Amino acid sequence: MKHKIIILLILFLGLGSCKKDRVEVDILIKNGTVYNGVDSIPSALTLGLVGDKIAYVGTGKHMDFSANRIIDAEGMIVSPGFIDPHTHADRELKNPKESHNIPFLFQGVTTVVVGNDGSSDYPLAEYEQLYKSNGVGTNVAFLVGQGTIREKVMGNSDREATDVEILKMMELVQQEMDAGALGMSTGLFYAPGSYASTEEVIALAKVVRQNHGIYDTHLRDEGAYSIGLVAAVKEAIEIGEKADLPVHISHIKCLGKQVWKQSDSLITIIEEAQKKGVRVTANQYPYEASATGLKAAVVPRWAESGGKDSLFIRYADARLKPQILHEVAENIVLRGGADKLLIVDSDHKEFEGKTLQEIAQEMGLDANEAVFEILDKGYARVASFSMAPYDIKNFMKQDWVVTSSDGNTGHPRKYGTFPRKYKEYVKSGVINLADYINGSTSRTADILGIPQRGTIQEGYYADVIIFDPETFGDKADYQDPFQLSEGLQYSIINGKISVEKGTYNGQLNGRTIKNE
């Protein structure tokens, strides 16, 4: 009898220890393969979201969940929402009809950065309020553009800034940092940013440093156009070193055959700088074609000083025209040739989908002359197929290189970057899935200085995506660059569902993110 009492007591105590804790959540995500954005190995975890935060991350054992919504993610990948550090989404976010930011949303992107390449909306405070009033489909963070600030003070002039002008530019940078910019971007390849000396940029970067911001740069040269790619990287490092702030190189690449395989040298240069304490990182998109304005791609900067009208005045000058055409011809060669320059967006729609060579042949002109006929009819954007797979893969494998889209109209990267990288480079084994996710989430958040995002962790903001590892991929190409990516099943932004079972529900759940 005594033994029976002991056995019953043990059973009673055992049953008592199985009592489950009651947990109330808004959204419960279970049965998925969870990559938390940091670790190299996934886990089978349950997530509980309450309000705009992640409230629970664990096995779910011994927990009795009460949830308003349960998502069964069996067979799916659960990840932090992707953070895109280089976009031109501000062009759509300003428009209430396009502020949903769907091209990025369906890539799994939950946060975009705008104000890249030295060009930003001004003043930031005004546009931040506009975004809030319109509503935005993804989170959005801001950079202040050095080119924009220079133009506000000096116009589009190709000359050295005076001390007074530099002080005025510093004041405007401070104003934009006060408004919440994460840092300053430069487009030293583009006018008017290209007209600035290294010393001028350092002066502005020091203001950014005082506000704990970053220096994001489109290098002065990504090929062999002016100072050369290696010298341009060294200039970026010098700016970071002298201003004592982190350097982030945008869309790192080796543009043109003249610099193919220089990625080896650049990686060595950057890692030597890192050893010396300079914080250097980069972002990259997984395509062999770059894209920019036709004028920016092939017209010499000195010729466009003062703007488009000044360019055509110089072009009409018999003394200057031969030199302009000569330099344009050289730049076309650097871009891979007229047959490698595809018009992807134009005010004159008949040009779209044709190469510069095809248009020149139709006009009966040399390619360099056709450039000015195209520009005379309005804006034109060109994709140039001038990057080598060797360099793309080489950069991609570096742990200091994260994913970005440089998303802009006419190039498939706006609709396909993150899923393409998964489909083309993860599935083929160039990089593994954890590195892909970590380099699209937590590492990007760390680089930008965005707190409590990019990681699946209790207390962090609930930016979570769920995608099908079998079908996640891009559909956009150069013939039809406006196709949404596929395979994203859920996107949850600030704890609210935006994409459900692969369909956008019309909600604008994004927020503006500021450097506080």
Side-chain angles (χ1 to χ4, degrees), residues 27-37 42 47 49 54 69-85 87 89 92 98-112 136-140 285-286 402-405 407 412-427 433-434 436-442 444 453-456 461-477 480-510:
I27 299 174
L28 184 71
I29 303 171
K30 64 179 186 177
N31 298 329
T33 301
V34 178
Y35 286 81
N36 64 11
L47 309 185
L49 314 183
I54 300 170
R69 179 65 188 278
I70 298 175
I71 298 174
D72 187 344
E74 186 173 0
M76 303 293 171
I77 302 296
V78 180
S79 162
F82 297 153
I83 300 172
D84 192 335
T87 80
E92 285 76 33
E98 297 181 287
S99 64
H100 46 63
N101 218 13
I102 280 179
F104 294 91
L105 196 61
F106 274 81
Q107 296 182 55
V109 173
T110 57
T111 299
V112 298
V136 286
T138 62
N139 300 315
V140 54
Y285 52 79
V402 299
T403 313
S404 72
S405 69
R413 65 194 183 197
K414 180 176 179 178
Y415 282 72
T417 289
F418 288 79
R420 175 182 174 79
K421 186 170 180 178
Y422 171 78
K423 185 171 73 175
E424 296 295 327
Y425 295 96
V426 174
K427 284 190 167 183
L433 180 52
Y436 162 74
I437 289 176
N438 298 352
S440 303
T441 58
S442 68
T444 311
R453 296 188 194 269
T455 305
I456 290 178
Y461 287 100
D463 294 343
V464 180
I465 61 171
I466 302 172
F467 64 88
D468 185 338
E470 298 300 320
T471 61
F472 192 52
D474 62 320
K475 295 181 69 178
D477 55 29
D480 185 0
F482 304 103
Q483 297 186 77
L484 293 172
S485 293
E486 60 185 355
L488 180 74
Q489 295 302 304
Y490 287 87
S491 178
I492 300 169
I493 301 177
N494 295 306
K496 296 180 179 179
I497 297 174
S498 295
V499 174
E500 182 172 1
K501 296 181 179 178
T503 301
Y504 174 55
N505 64 12
Q507 298 297 307
L508 301 174
N509 295 324

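Just so we're clear, the structure is a prediction, and the values are computed from it rather than from any experiment.
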Of all heavy-atom pairs linking Pro469 and Gly75, the shortest is CD-O, 3.3 Å

Tightest non-hydrogen contact, residues Gly416 and Ser485, listed as CA-OG, 3.6 Å

Strictly by modelled atom types, are Asn494 and Asn509 linked by a side-chain donor-acceptor pair under 3.5 Å? no

Discussion item. Any non-hydrogen side-chain atom of Thr87 less than 4.5 Å from a side-chain atom of Val109?
Written reply: no

*asked:* With a 4.5 Å cut-off on side-chain heavy atoms, are Ile465 and Thr110 touching?
replied: yes

Closest non-hydrogen atoms of Leu105 and Gly137, given as atom of the first, atom of the second and distance, are CD1-O, 3.9 Å

One should read off an interatomic distance between Gln507 CD and His100 NE2, to the nearest 0.5 angstrom, of 13.5 Å

Between the main-chain N or O of Pro286 and the side-chain N or O of Arg420, is there a donor-acceptor pair closer than 3.5 Å? yes

List the steps and the verdict of side chain to side chain contact (heavy atoms under 4.5 Å, CB included) for Phe82 and Phe104.
-> CA-CA 9 Å; Phe82 297 153; Phe104 294 91; over 6 Å; no

I'd like to know if the side chain of Asn36 and the backbone of Ile456 have a donor-acceptor N/O pair within less than 3.5 Å. no

By salt bridge (Lys or Arg N to Asp or Glu O under 4.0 Å), Lys423 pairs with (sequence neighbours left out) Asp474

**CA sep, side-chain torsions, deciding dist, call: Tyr504, Phe106, side chain to side chain contact (heavy atoms under 4.5 Å, CB included)** = CA-CA 8 Å; Tyr504 174 55; Phe106 274 81; 3.8 Å; yes

Note to self: Below 30° counts as parallel, above 60° as perpendicular, anything between as tilted: where do the rings of Phe472 and Tyr422 land?
What the structure shows: tilted

Test Arg453 against Asn139 for side chain to side chain contact (heavy atoms under 4.5 Å, CB included), laying out the working first.
CA-CA 11 Å; Arg453 296 188 194 269; Asn139 300 315; 3.3 Å; yes

Only one of Ile492, Ile70, Ile54 passes side-chain contact (heavy atoms from CB on, under 4.5 Å) with Ile29, and that residue is Ile492

- Query: So, do Ile437 and Pro80 sit near enough that their side-chain heavy atoms are less than 4.5 Å apart?
  - Reply: yes

CG of Asp72 to NZ of Lys30, rounded to nearest 0.5 Å, is 5.5 Å

Query - Note, Pro42 side chain near Tyr35 side chain (heavy atom, < 4.5 Å) - result: yes

**Study point:** Side-chain (Asn505) to main-chain (Ile497) donor-acceptor, under 3.5 angstrom
**Key:** yes

| query | Quick one: do the Thr403 and Ser440 side chains pair a donor with an acceptor below 3.5 Å? | reply | yes

Item to check | Check: Glu98 main-chain N/O paired with Glu92 side-chain donor or acceptor under 3.5 Å | outcome: no

Discussion item. Using a 3.5 Å distance criterion without hydrogens, assess whether the side chain of Tyr490 forms a donor-acceptor pair with backbone atoms of Val78.
Written reply: no

- Query: With a 4.5 Å heavy-atom cut-off, do Gln107 and Asp84 have their side chains touching?
  - Reply: no

